[in-house]
Novice: 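I have a structure I would like to understand better, so I am pasting it below and will then ask my questions one at a time.
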Amino acid sequence: MMATKAKKARVDVASLTKAQARVELTRLALELEANDKRYYQEDAPSITDAEYDALRQRYNAIEKRFPEFVASDSPSQKVGAAPSGRFKKVRHSVPMLSLDNAFAEADVIDFVGRIARFLKLPDDRIDFSAEPKIDGLSMSLRYEGGELVTAATRGDGAEGEDVTANIRTLEDVPQRLKGRNVPDICEVRGEVYMTKKAFLALNERQKAAGDTIFANPRNSAAGSLRQKDPTITASRPLGFFAYAWGQMSAMPEDTQSGMIHWFERCGFKTNPLTKLCHSIEELIAFHRTIEEQRAELDYDIDGVVYKVDRIDWQDRLGFVSRTPRWAIAHKFPAERATTVLRDIEIQVGRTGSFTPVGKLEPVGVGGVIVQNVTLHNEDYIKGIGNKGEVLREGRDIRIGDTVVTQRAGDVIPQVVDVVIAKRPKDAKEFHFPKKCPCPLHTDVVREETATGEEGSRARCSGEFACPFQKIEHLKLFVSRRAFDIDGLGEKQLQYFFDEGWVKEPADIFTLPKRNAKLKLEEIEGYGETSVRNLFAAIEDRRRIALERFIYALGMRHVGETTALALARGYGSWQAFHDAGIKLARDDEEAIAEMDALDQIGDTVIKSVAAYFGESHNRGIVERLTREVEILDAEKPKSNSKVAGKTVVFTGSLEKMTRDEAKATAERLGAKAAGSVSKKTDYVVAGPGAGSKLAEAKKHGVTVLTEDEWLVLIGE
Ligand code: IVH
């Protein structure tokens with residue numbers, strides 16, 4: 001859509017001839033229709049809302065000038081006159097997070113074991129609510145004074161879309177909570193789904209009317225809900241099961257199972273298969289029973305969910321990054337299908353690593369059409385695993401082979417086996433490239449593993465000089481969890497990059513002042529509104545949280561969680577930057593300081609050192625920091641006495657486990673470190689403390705008993 005800068009200036013609507021208008025209206029209608037389909041039915045929009053709005057505005061403007069062209073099936077008639085964005089955004093008062101997955105029984109045993117250790121309880125003392133995992137869309141319903149006020153989709157977890165008008169058409173969602181004394185604010189969360197029967201019937205109707213066919217009930221539920229016209233939603237039979245909550249001004253119950261019964265008393269449906277389990281054996285048996293019933297159920301499920309029943313224990317367990325410690329999804333085995341491998345292509349990632357991608361003859365696996373599969377690395381294709389073990393009994397993968405593909409949940413589909421009996425005579429062995437497919441044609445090196453051995457992944461040695469890596473870095477830089485610049489998606493970025501307008505992050509921020517020359521508004525499909533919105537979005541991001549900034553730099557091994565740990569550990573960009581420069585010079589004190597941070601080890605230290613050791617990177621960072629203001633890491637919210645202090649736990653604790661102690665310390669704004677240095681403020685030592693206690697004495701660090709620590713934090 002944007003690839004035609006050559007055709008530059010769009011004709012102003014006022015100067016369009018009638019013939020031009022007719023041609024453009026047809027083209028725009030097709031474009032809008034294709035985008036609506038991607039957005040509403042496939043849930044995979046390929047342009048931003050701003051771009052979509054620009055298309056629609058131009059369409060409406062042309063129609064207004066030439067009313068004789070308004071057809072009954074015109075896009076302006078279908079979605080009402082509103083030219084504006086699709087749905088309003090709603091910020092969730094409590095984030096909507098996701099669940100960690102368990103696939104094997106061993107994962108479930110680990111999960112229960114972790115919880116028992118954390119809570120310092122025998123594992124048979126913990127009850128779990130076991131529930132089917134409905135394959136629909138999660139929804140947050142906000143009730144104020146008992147009345148439904150907002151319904152929002154999950155979105156990215158922090159912000160969803162306001163679909164209140166559509167949700168009001170669902171029979172399973174009460175407009176008003178039943179029962180007396182309901183808390184003033186209640187956010188009820190659960191899953192919107194479409195029954196298999198309704199899905200099949202809807203597809204029949206769609207087919208008869210020549211409309212699009214939905215791939216599975218989940219997609220049809222999503223498509224039916226995200227309609228601008230609620231009467232369409234009303235005509236689609238959608239159900240809702242309540243199973244969780246967000247903000248609550250008071251808690252009516254103190255267990256998960258109690259809450260589920262409370263939802264029922266309020267007028268909600270809850271899943272009838274939900275069961276309270278008292279042991280690991282019962283959890284596993286629940287998984288087996290539900291899997292046996294799966295085919296007969298009238299709605300799709302993709303596993304079961306186990307949740308610690310006691311809510312006070314849920315609170316103590318808390319979250320790791322974006323998933324709760326107190327719940328897990330136990331998935332059903334992945335679905336498989338057989339198809340032909342047509343080709344293998346090499347994808348170059350952000351850090352230059354190569355991933356061979358298998359191009360398949362499209363095949364349906366568990367309701368989704370799969371065309372691309374990851375083949376991991378050179379060894380995997382040959383039938384050798386990461387540790388040198390034999391895979392698929394040594395069967396290698398060749399182009400032309402019939403392969404068995406598997407898709408498990410949201411994981412990228414894989415090839416799990418090769419049907420040798422079907423191998424054609426002309427099946428081609430794949431030769432891994434010795435040179436990067438980038439224009440630099442650099443030599444390929446094998447990536448080092450964390451332990452310094454030669455790993456199985458190949459990488460381009462061109463680093464930042466490799467254009468593939470540059471663009472991947474830029475994509476990460478603008479992505480949701482990094483700078484999150486609205487209106488600058490991968491497509492636009494690629495275009496700006498190809499044109500040479502954005503070569504490094506700082507260039508994004510200089511776009512507005514360079515626009516007198518660039519004239520972005522003249523790019524086909526862009527327009528003044530989109531450019532204005534884009535520049536506003538860029539301005540909006542000139543102030544950025546330290547953890548996002550660190551993450552956005554795209555250092556190897558520094559993901560979101562690590563970036564957050566670094567931001568909290570150093571507090572300010574200046575402090576982190578200085579540490580990075582020192583690390584690059586092998587400064588021992590700087591290494592020890594970073595090593596003392598919780599969750600940070602050798603691999604990250606090496607990676608940060610390598611990043612700051614590279615002058616090209618220092619240049620990128622310097623130019624970027626001239627453009628943006630980096631906010632200090634959020635000060636701990638609590639006014640606790642230990643906020644900002646560094647504490648080390650050693651020896652065995654009696655009232656809580658080490659993990660829980662660390663989590664509590666962090667919640668109160670303290671840093672829980674793994675080793676003692678002169679920067680440590682407290683060492684909490686239990687019986688059996690050894691070298692760390694000695695270190696504390698050496699550095700003159702205050703040593704506390706567990707009880708003294710509890711008094712200090714006021715618990
Ligand atoms: S609990 C903090 N319970 O699974 C986590 N989720 O992977 C709260 N889901 O986004 C979620 N059935 O859409 C929970 N009984 C159930 C569920 C369920 C389906 C979905 C939900 C969520 C996703 C998490």
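When a ligand or atom number is given, it counts from 1 through the structure's own listing order. Any value given below was found using the heavy atoms of this structure, including those in side chains, with hydrogens, waters and symmetry copies removed. Predicted model only: the values in this text are computed from it and were never measured.
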Novice: Within the 3.5 Å criterion, strictly below it, is a donor on Thr657 or Asp659 matched to an acceptor on the partner's side chain?
Specialist: no
Novice: Taking the six-membered ring of Phe87 as reference, does the cationic atom of Lys228 (NZ for Lys, CZ for Arg) lie under 6.0 Å from its centre and within 45° of its axis?
Specialist: yes
Novice: Which of these passes side chain to side chain contact (heavy atoms under 4.5 Å, CB included) with Val90: Thr150, Thr153, Val163?
Specialist: Thr150
Novice: Put together the list of close N/O pairs, under 3.5 Å, between ligand 1 and the protein, could you?
Specialist:
unit_1, atom_1, unit_2, atom_2, d
ligand 1, 3 (N), Lys307, NZ, 2.9
ligand 1, 4 (O), Lys133, NZ, 3.2
ligand 1, 7 (O), Leu99, N, 3.4
ligand 1, 9 (N), Tyr243, OH, 3.4
ligand 1, 12 (N), Ile134, N, 3.1
ligand 1, 13 (O), Ser138, OG, 3.4
ligand 1, 13 (O), Glu191, OE1, 2.8
ligand 1, 13 (O), Glu191, OE2, 3.2
ligand 1, 15 (N), Glu131, OE1, 2.8
ligand 1, 15 (N), Pro132, O, 3.4

Novice: For the residue pair Ser129 and Gln256, confirm or rule out a side-chain donor-acceptor distance under 3.5 Å.
Specialist: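 Distance-only check fails for Ser129 and Gln256.
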Novice: Just jot down the ring pair (Phe, Tyr, Trp, His ring centres under 6.0 Å) partners of Phe477, sequence neighbours excluded, or say none.
Specialist: Phe483
Novice: Would you say the ring centers of Phe286 and Phe128 fall short of 6.0 Å from each other?
Specialist: no
